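Heads up, the thing below is written out as structure tokens.
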There are 2 protein chains.
Amino acid sequence: MWAGRDCSGVVDTQDAPDLDLIFAALADPTRRAILASLLDGERKVGDLAEPLPMSLAAVSKHLQILARAGLVSQLRDGRVRTCRLEPDGLAAAFVWMQGFGAFAMEDYDALERYIEATLAEDEAGEEPR
Amino acid sequence: MWAGRDCSGVVDTQDAPDLDLIFAALADPTRRAILASLLDGERKVGDLAEPLPMSLAAVSKHLQILARAGLVSQLRDGRVRTCRLEPDGLAAAFVWMQGFGAFAMEDYDALERYIEATLAEDEAGEEPR
DNA sequence: GAATTATTCAACCAAACGGTTGAGTTTTGT
DNA sequence: ACAAAACTCAACCGTTTGGTTGAATAATTC
């Protein structure tokens, strides 16, 4: 992976086709807030929108962007649309970044320990509902 | 982390201030190609630009964006500007995503194994120069 | 010191982004 | 059947993005 000499010969070498969409989706604080709130479990569009300082239509568009990136999915049940986090989308970006860190991060072990600690603490804290 | 009830009460709750910049920087394929090419080691701006299908000025702007996000740094030595990967910037985004995955990913172990494999293979393959 | 090399700066342009409002479109409730 | 609820769609608007070109800057070479 990342074969040495010409990994940038063509711009998009072996890039997963939707990393653009995924990272772009993550680049907005509103969208990250939505994702964070979905960590708690499924949510209706309206419930997601309620705390956010913008119109329902704006939130709807944000959700479309998250859906197109494969980060959330919407299940329509009656007139209500329920949103849920889609783990695999995140995984793609995560793996890409990891492939990076393997080379570049010096304090990889420290990071690993930090992550382990966080993970354990979270699992103790509350269930994902 | 991600305290249950109102993690989205305000949009930017405890967000690292530059996640916007980091993810936005990663959202462009040209910029990811530049980062990938920097995995090999330091590079002059011109050398980074050479394989890319755009003007030098465009690449210069991409590098500014990467620098503002803290993902690369430029060391000017004479008239030549040498770019290097900045690991800590990536780590911030990485940790954010990890905090996410801890809750959401079902196949966490599989992912971990995949990562371990990739890491081992890469370390065997070539040195980062 | 004049020309060349390496890179940024500034102005511009089309397209995309993040928001708005107002009008659909389905369900649900009475 | 009617009105309200829960959305999405469409059109618009100001700002940012990703590229261009041409000029500016700075260090090297002749």
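So you know, we letter chains A, B, ... as the sequences are listed, proteins then strands, and number each from 1. No experiment lies behind these values; they were computed from the predicted model shown. These values consider heavy atoms only, across backbone and side chains, with no hydrogens, waters or symmetry-generated copies.
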Go through the steps to decide whether A:T82 and A:E42 satisfy the test side-chain hydrogen bond (donor to acceptor under 3.5 Å, both in side chains), and finish with yes or no.
-> CA-CA 6 Å; A:T82 304; A:E42 302 184 350; 5.1 Å; no
By salt bridge (charged side-chain N to carboxylate O under 4.0 Å, His left out) - contacts of B:R79 (at least two apart) = none
5' priority, DNA chain C, between B:D47 and A:A27 [closest heavy atom] = B:D47
Where along residues 62-74 of chain B does a heavy atom come under 4.0 Å from DNA chain C, residue by residue in number order?
-> B:Q64, B:Q74
Mind checking whether A:L38 and A:L56 sit in one hydrophobic cluster, side chains of I, L, V, M, F, W, Y counted as touching below 4.5 Å?
-> yes
Can you name the nearest heavy-atom pair linking B:G89 to B:I22, along with the distance?
-> O-CD1, 3.5 Å
Shared ILVMFWY cluster between A:V80 and A:V72, side chains joined below 4.5 angstrom?
-> no
Please list all pairs passing the ring-ring contact (aromatic ring centres under 6.0 Å, His included) test where one or both residues lie in residues 20-67 of chain A, with sequence neighbours left out.
-> A:F23-A:W96
Start and end of the DNA chain C segment that chain A contacts, any atom under 4.0 Å from a heavy atom | C:dG18 to C:dT28
What are the two closest non-hydrogen atoms of A:T30 and A:M54, and how far apart are they?
-> OG1-CE, 3.4 Å
Under the side chain to side chain contact (heavy atoms under 4.5 Å, CB included) rule, collect the residues that match up with B:Q74, sequence neighbours excluded.
-> B:V45, B:L63, B:R81, B:C83
What is the 5' to 3' range of DNA chain D, first to last nucleotide, that sits under 4.0 Å from any heavy atom of chain B?
-> D:dG18 to D:dT28
Is a side-chain N or O of A:R31 found less than 3.5 angstrom from the main chain of A:L26, in a donor-acceptor match?
-> no
Non-neighbouring partners of A:R68 that pass side chain to side chain contact (heavy atoms under 4.5 Å, CB included), sequence neighbours left out | A:L21
All side chain to side chain donor-acceptor pair (under 3.5 Å) counterparts of A:S55, not counting sequence neighbours = none
Identify whether any heavy atom of B:K61 sits under 4.0 Å from a base atom; if not, whether one sits that close to sugar-phosphate; answer base, sugar-phosphate or nothing.
-> base
Applying side chain to side chain contact (heavy atoms under 4.5 Å, CB included), name anything that partners B:Q64, two or more places apart in sequence or on another chain.
-> B:S60
With a non-hydrogen cut-off below 4.0 angstrom, is A:A57 in contact with a base, only sugar-phosphate, or nothing?
-> base
For B:K61, the side chain to side chain contact (heavy atoms under 4.5 Å, CB included) test, sequence neighbours excluded, returns none
How bent is the helix from C:dG1-D:dC30 to C:dT30-D:dA1, comparing axes over its five end pairs at each side, to the nearest 10°?
-> 10°
